[in-house]
Amino acid sequence: MNAEEMKKAVAKEALKFIEDEMVVGLGTGSTTAYFIRYLGKLIMEGELEEVYGIPTSHQARLLAIESGVPVVSLDEVDAIDIAVDGADEVDPHLNLIKGRGGALTMEKVIEYRAGTFLVLVDESKLVESLGQRVPVPIEVIPPAWRAIAEELEVFNAEAELRMAEKKDGPVITDNGNFILDARFHRIDDPLDLEIELNTIPGVVENGIFADIADIVLVGTKEGVKRLER
Ligand code: 5RP
């Protein structure tokens with residue numbers, strides 16, 4: 001299996017967790033995009049009834065509408081049964097780094113509240129400790145970006161303002177903010193760092209998701225493996 005086939009395999013496996021009448025958090029990124037498309041197909045074919053999706057981003061919302069998944073917003077529901085999303089890194093305790101797609105804030109808002117948080121990755125995302133492959137994205141309000149980037153030096157981190165590729169200037173998130181990508185030399189305690197980063201004034205949210213993933217489906221060459229906390 002190549003990386004794309006692994007993404008499709010975990011997205012198909014995730015459908016087994018979805019039942020009639022569920023409210024499903026819809027993640028952002030290329031792996032979850034397969035899941036949203038497959039989910040829409042089951043709904044359109046009448047295999048699943050009364051299933052509603054809560055998107056974590058404009059990307060997820062547009063794709064859900066295009067795929068036939070009825071969309072609701074967080075303030076319209078009493079509870080979220082399950083949230084399904086990708087990740088950029090997964091450590092052996094199932095702590096995550098997320099936010100390559102810049103949707104980390106709404107992802108965390110929804111995934112934190114879901115009855116089950118199901119994560120879909122291919123095996124390249126598994127790391128021994130967080131921060132090995134990717135920096136930690138931090139969403140910040142625009143006027144504070146430089147002050148926060150300097151403050152991150154206290155944490156022994158180098159932060160870079162994320163620049164847009166098809167627009168001049170910085171990436172603007174779905175919430176109208178900037179993203180700093182922070183490289184930490186070591187992340188010994190992800191939960192501690194996650195909490196501490198959020199105490200810096202001007203930080204909206206950061207991409208460490210410690211202790212919230214329940215199940216991780218990993219696409220490997222041999223098939224889909226299930227990791228559980
Ligand atoms: C977006 C995310 C994505 O879930 C994460 O980047 C994984 O994406 P992909 O499935 O494309 O590798 O956190 O903010």
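Order of appearance sets the numbers: ligands from 1, and atoms from 1 within every ligand.
Within 6.0 Å of CZ in Arg162 there are more than 12 heavy atoms belonging to other residues, nucleotides or ligands. The environment of CD in Glu160 is sparse: at most 12 heavy-atom neighbours from other residues, nucleotides or ligands sit within 6.0 Å. Residue-environment remark: CG (Asp168) stays at or below the threshold of 12 foreign heavy atoms within 6.0 Å.
Scanning the protein for heavy atoms near atom 3 (C) of ligand 1, the closest one is Thr28 O, 3.2 Å. Here the protein heavy atom with the shortest distance to atom 9 (P) of ligand 1 is Ser30 OG, 3.4 Å. For atom 6 (O) of ligand 1, the nearest protein heavy atom (residue, atom name, distance) is Asp88 OD1, 2.5 Å. Closest to atom 12 (O) of ligand 1 among all protein heavy atoms lies Lys125 NZ, 2.8 Å. In this structure, atom 10 (O) of ligand 1 lies nearest to the protein heavy atom Thr31 OG1, 2.5 Å.
Remark: ligand 1 atoms within the under-4.0 Å shell around heavy atoms of Gly101 are 1 (C), 14 (O). Close contacts of ligand 1 with Gly99, meaning ligand atoms under 4.0 Å from a residue heavy atom, involve 2 (C), 13 (O), 14 (O). Applying the 4.0 Å criterion to heavy atoms of Gly86 picks out, from ligand 1, the atoms 4 (O). In the vicinity of Gly102, heavy-atom distances shorter than 4.0 Å reach the ligand 1 atoms 14 (O).
Ring-plane geometry between Phe117 and Phe209 is classed as tilted, the angle between the planes lying from 30 to 60 degrees on a 0 to 90 degree scale.
Ion pairing between a basic and an acidic side chain is recognised when a charged N comes within 4.0 Å of a carboxylate O; Lys225 and Glu13 show no such pairing. Residues Asp88 and Lys98 are not paired through a salt bridge, judged by the lack of any N-O separation under 4.0 Å between the basic side chain and the carboxylate.
The shortest N/O to N/O separation between Leu104 and ligand 1 does not fall below 3.5 Å. Checked by distance only, ligand 1 and Arg100 come closer than 3.5 Å through their nitrogen or oxygen atoms. Considering backbone and side-chain atoms together, Gly29 places no N or O closer than 3.5 Å to any N or O of ligand 1. Looking at Lys98 next to ligand 1, an N or O pair under 3.5 Å apart turns up.
In this structure, Lys7 fails the cation-pi test against Tyr34, since its NZ or CZ atom is not both closer than 6.0 Å to the six-membered ring centre and inside 45 degrees of the ring normal.
No side-chain heavy atom of Asp189 sits under 4.5 Å from any side-chain heavy atom of Leu193. In this structure the side chain of Leu152 reaches within 4.5 angstrom of the side chain of Ile200, judged on heavy atoms.
Contacts of Ser57 with ligand 1, taken as heavy-atom pairs under 4.0 Å, are absent altogether. With a 4.0 Å heavy-atom cut-off, ligand 1 is reached by the side chain of Asp85 but not by its N, CA, C or O.
We find the OG1-NZ distance between Thr31 and Lys8 to be 12.0 Å, quoted to the nearest 0.5 Å.
Lys7 does not count as a contact of ligand 1, since none of its heavy atoms falls under 4.0 Å from the ligand. Judged by the shortest distance from any of its heavy atoms, Gly27 lies outside the 4.0 Å radius around the atoms of ligand 1.
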Practice task
Walk me through it: do Thr220 and Glu123 pass the test side-chain hydrogen bond (donor to acceptor under 3.5 Å, both in side chains)?
Solution key: CA-CA 6 Å; Thr220 74; Glu123 59 191 353; 4.6 Å; no

